[in-house]
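Throughout, numbering of the chain's residues begins at 1 and tracks the sequence.
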Amino acid sequence: MHQERRASRILLTGWFSFPDGEATAGDVLALHRVEDVLRRSALPYDVAWSPGFRPGALHLDDVDAGRYGRLVFLCGPLHGPQVEALHRRFAHCLRVAVGTSVIDPDGPAVTGFHHVIARDAPRCEPALDLAARAPALPAPPVVGVVLTHGQHEYGRARRHDVVAREVGSWLHGKDCARVELETRLDAHDWRLCATPAQLESVLARLDLVVTDRLHGMVLALRAGTPALAVDPVEGGAKVTAQARACGWPALVAAERLDPGELDRWWDWCLSSGTAAARRVRDGFAGDGTGRSGICRGGIDREGARDGAEGLLEALGAGRAG
């Protein structure tokens, strides 16, 4: 009976299993597809993970090879000494490769398998990648992250490095799709937006922006996207002042920065804050004369103005139309 159980158990491996390998989104979705097929067929299996990606999981180096009668290698190229080593270590197993790319059909990494169900190989019709039919996943929020390490003009009151480090550590534990953004424009670097319209187009598609920059907050609100703002200056500075001008409550002071406070505003931004941000956006769209005021949690602030009003008055040109 013990030998039968050993013969039936499957070890799932891939490039995500090797200590010096890597896990890509496609690899993991391919794994989900294979897991789904095995579960629906009531076939017992384990997954071997790289310790660098899943520290607390089953690791390939710690696997008792004798527990398994079948080994599956999925996704990625069938090439290299890591794959060849699996054939030696699991020589007693039925070895199957699935959803893989075959570069050299005669190479030892390929010929060591009893069955190769390739997604692409020389002189073969390509098959659909395993990731394409992986089970659907719940969509986490998409969060823009706009942080700065600069602003040395604040001298000893600067807490920028501490804020960036603590916010980054906190974000790491959040189930969200993080998009690092920069308000700086660049006409030559493809990684940066070249125009304000390009950045606004990104911001409008996000669920939330986490930022310690004044314009990170203002531009997010202008796009109707809630902003969780942190003022990186001890005692509060321009981020705090602008949050007040905008009537935006989701602000954390550097002195009060802790995961609980961040979590509280995170939850608010992804619930009530969505509608509140749109109301602020609509307030921005007014003419600054008080006919369409900036909102504080949905309450109009009559007479909200920006510096353009004062500029025209100083120039003796009257009020802006």
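Cluster note: Val179 groups with Val142, Val146, Leu181, Leu199, Val202, Leu203, Leu206, Val209, Leu219 through ILVMFWY side-chain heavy atoms spaced under 4.5 Å, whether in direct contact or through intervening members. Hydrophobic side-chain contacts under 4.5 Å tie Leu192 to no other Ile, Leu, Val, Met, Phe, Trp or Tyr residue.
Remark: Asp267 pairs with no residue by the side-chain hydrogen bond (donor to acceptor under 3.5 Å, both in side chains) rule, at least two apart or across chains. In this view, Pro141 and Val143, Cys176, Asp207, Trp266, Leu270 satisfy the side-chain contact (heavy atoms from CB on, under 4.5 Å) rule, not counting sequence neighbours. When the side-chain hydrogen bond (donor to acceptor under 3.5 Å, both in side chains) test is applied to Thr111, no partner is found at least two apart in sequence or on another chain. Among residues two or more places apart in sequence or in another chain, the side-chain hydrogen bond (donor to acceptor under 3.5 Å, both in side chains) test is passed with Ser201 by Arg205. Every residue two or more places apart in sequence or in another chain that forms a side-chain hydrogen bond (donor to acceptor under 3.5 Å, both in side chains) with Arg264 is listed here: Glu261.
Each salt bridge (Lys or Arg N to Asp or Glu O under 4.0 Å) pair with one or both residues in residues 139-150, not counting sequence neighbours, would appear here, but there are none. Within the structure, salt bridge (Lys or Arg N to Asp or Glu O under 4.0 Å) contacts touching residues 220-231 (residues at least two apart or in different chains) are Glu200-Arg222. Within the structure, the salt bridge (Lys or Arg N to Asp or Glu O under 4.0 Å) test picks out no pair touching residues 87-97 (sequence neighbours left out). Pairs passing the salt bridge (Lys or Arg N to Asp or Glu O under 4.0 Å) check and including a residue from residues 22-39, sequence neighbours excluded, read Asp36-Arg40.
Aromatic ring centroids of His87 and Phe113 lie under 6.0 Å apart.
At a cut-off of 3.5 Å, with distance as the only test, no side-chain donor of Thr100 or Arg119 sits close to an acceptor on the other residue.
Salt-bridge check for Asp46 with Arg67: passed, with a basic side-chain N closer than 4.0 Å to an acidic carboxylate O. The existence of a salt bridge linking Asp258 and Arg256 is excluded, since no basic side-chain nitrogen approaches an acidic carboxylate oxygen closer than 4.0 Å.
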Review item, side-chain donor-acceptor pairs of residues 163-175, under 3.5 Å, at least two apart:
unit_1 : atom_1 : unit_2 : atom_2 : d
Trp170 : NE1    : Asp263 : OD1    : 2.8
Lys174 : NZ     : Asp263 : OD1    : 2.8

